[in-house]
Protein chains: 2
Amino acid sequence: MRIGELAKRTGASERSLRYYEAQGLLSPSRTPAGYRIYAESDVDVVRHVQTLLAAGLNTAFIKEVLPCMVDTGEGLAPGCPELLPHLQKERARITMSIDGLATARTLLDGVISATPPDNTEYEAWVARRTG
Amino acid sequence: MRIGELAKRTGASERSLRYYEAQGLLSPSRTPAGYRIYAESDVDVVRHVQTLLAAGLNTAFIKEVLPCMVDTGEGLAPGCPELLPHLQKERARITMSIDGLATARTLLDGVISATPPDNTEYEAWVARRTG
DNA sequence: CTTGACCTTAACACCGGTGTCAGGCTTTAC
DNA sequence: GTAAAGCCTGACACCGGTGTTAAGGTCAAG
């Protein structure tokens, strides 16, 4: 498929897909005219990239990890031992991050539940905004 | 206390503390010479700021929320009704973010557990690095 | 008086993925 | 043949909190 379709199917912008390629995360083939042609499996690759990017991993590390995430149909391919330390560091960072987010959410919950049950003021505010 | 002590007690850099002030999150008093003097309660304020910043809220919104987080000793002060919609939006975003992080962690767990039990190569790599 | 720790403001730079625009080529549809 | 949609490369800008440095003021201790 071409870049437009991949963008639609993954939700990634064309800009991002080209960026991923520049970082070595994707290697689409090309038509004689230079158009990028992506394999069906690239849909999953992009999804993985999106997930890991959102989790704070950078493209350099994702590039190293991706080859270890090739699904051979029967589980994952044998992993990359030399990546293990960094892999575990990232995992720990993600866990810390989740904890921080949970703490922040609890903090917000406190504020939310402390909001006066009398929400006259809020309703007036909404009425003002929505005209 | 002065800025150096607050920095030590909160882990925030002096740079960050001055930035928070510039954004209206802190309003320390000043000595005649211009030194910032922080109240004891500012320690908690900074901790809240750190928590919310780490959760992706920006300083502009934190500035609005902070007054609603004044602990009156007996629970929180009555909240700010007009903030409720944004508050809930941020809460939802945090929850989405947690979900995304959990997904990423599961993905990494797959790679980690797919690493060959034979870690000869990794040990050799460690030996090489640690000399 | 001087040294050194601590403080002040101001300015510049960075990260790193993404938005966006310009100028131009290719393919598809009519 | 022509219009429209799609794709190409390249370049500039942004976010927004933080690091860092420069040039200087303040203050307690020796």
Side-chain angles (χ1 to χ4, degrees), chain A residues 1-39 42 45-66 86 90 93-94 97 100-101 104, chain B residues 1-39 42 45-66 86 90 93-94 97 100-101 104:
Chain A
M1 80 201 76
R2 291 185 307 189
I3 197 170
E5 188 185 342
L6 184 59
K8 261 182 202 143
R9 289 177 57 181
T10 61
S13 67
E14 301 183 8
R15 175 70 175 89
S16 294
L17 295 177
R18 296 195 187 100
Y19 178 74
Y20 298 162
E21 177 181 359
Q23 303 306 308
L25 274 42
L26 290 172
S27 300
S29 56
R30 301 280 186 140
T31 69
Y35 282 24
R36 293 171 176 81
I37 298 297
Y38 296 90
D42 284 334
V45 172
V46 171
R47 298 230 166 95
H48 287 334
V49 169
Q50 290 175 312
T51 297
L52 296 179
L53 275 181
L57 282 71
N58 61 26
T59 52
F61 185 55
I62 295 176
K63 175 182 176 180
E64 303 188 65
V65 174
L66 274 184
H86 194 174
E90 292 288 1
R93 192 186 49 70
I94 289 173
S97 189
L101 287 172
Chain B
M1 80 200 76
R2 291 184 306 187
I3 196 171
E5 187 184 342
L6 183 60
K8 261 181 202 143
R9 288 177 58 181
T10 62
S13 68
E14 300 184 7
R15 174 71 174 88
S16 293
L17 294 178
R18 296 195 186 99
Y19 178 73
Y20 298 162
E21 178 181 358
Q23 302 306 307
L25 274 42
L26 290 173
S27 300
S29 56
R30 301 281 187 141
T31 69
Y35 284 22
R36 291 171 176 81
I37 298 295
Y38 295 92
D42 284 334
V45 172
V46 172
R47 297 230 165 95
H48 288 333
V49 169
Q50 290 175 313
T51 297
L52 296 179
L53 276 180
L57 282 72
N58 61 25
T59 52
F61 185 55
I62 295 175
K63 174 181 177 181
E64 301 187 67
V65 174
L66 273 184
H86 194 175
E90 292 288 1
R93 193 186 48 72
I94 289 173
S97 189
L101 287 172

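Both backbone and side-chain heavy atoms feed into the values below; hydrogens, waters and symmetry mates do not. A note on names: the letters A, B, ... follow the listed sequences, proteins ahead of strands, and every chain is numbered from 1.
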Please round to the nearest 0.5 Å and tell me the distance separating atom [atom1] of [X] and atom [atom2] of [Y].
{"X": "A:I62", "Y": "A:L53", "atom1": "CD1", "atom2": "CG", "value": "4.0 Å"}
{"X": "A:K63", "Y": "A:L25", "atom1": "NZ", "atom2": "CG", "value": "8.0 Å"}
{"X": "B:I3", "Y": "B:I37", "atom1": "CD1", "atom2": "CD1", "value": "10.5 Å"}

Self-check item: A:E90 bridged to A:R93 by N-O distance under 4.0 Å
Solution: yes
Practice problem: Test B:R2 against B:R36 for side-chain contact (heavy atoms from CB on, under 4.5 Å), laying out the working first. | Solution: CA-CA 6 Å; B:R2 291 184 306 187; B:R36 291 171 176 81; over 6 Å; no
Self-check item: chain B footprint on DNA chain D, 5' to 3' - any atom under 4.0 Å from a heavy atom
Solution: D:dG16 to D:dC27
Practice problem: Take B:L57 and B:I94, measure what side-chain contact (heavy atoms from CB on, under 4.5 Å) needs, and give me the verdict at the end. | Solution: CA-CA 9 Å; B:L57 282 72; B:I94 289 173; 4.2 Å; yes
Quiz item: For the pair made of CD in B:E21 and P in C:dA10, what is the distance, rounded to whole Å?
Solution: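 Distance check: B:E21 CD to C:dA10 P gives 12 Å.
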Self-check item: Length of the CD-C1' vector between A:Q50 and C:dT18, whole Å
Solution: 13 Å
Quiz item: Does a side-chain heavy-atom distance below 4.5 Å link A:Y19 with A:T59?
Solution: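 Yes, at least one pair of side-chain atoms sits under 4.5 Å.
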Practice problem: Kindly indicate whether the side chain of B:V49, heavy atoms from C-beta on, has any atom under 4.5 Å from the side chain of B:L66. | Solution: yes
Quiz item: Looking for any heavy atom pair under 4.0 Å, which part of the strands does A:T31 touch: base, sugar-phosphate only, or nothing?
Solution: nothing
For nucleotides 6-8 of chain C, print each protein N/O atom paired with a nucleotide N/O atom at under 3.5 Å, atom names and distance only.
residue	atom	partner	partner atom	Å
C:dC6	O2	B:Y35	OH	3.3
C:dC7	OP1	B:G4	N	2.9
C:dC7	OP2	B:E14	OE2	3.3
C:dT8	OP1	B:R36	N	2.9
C:dT8	OP1	B:R36	NH1	2.8
C:dT8	OP2	B:R18	NE	3.3
C:dT8	OP2	B:R18	NH2	3.0
C:dT8	OP2	B:R36	NH1	3.3
C:dT8	O5'	B:R36	NH1	3.4

Quiz item: Would one find a side-chain N or O of A:S13 under 4.0 angstrom from OP1 or OP2 of C:dT18?
Solution: no
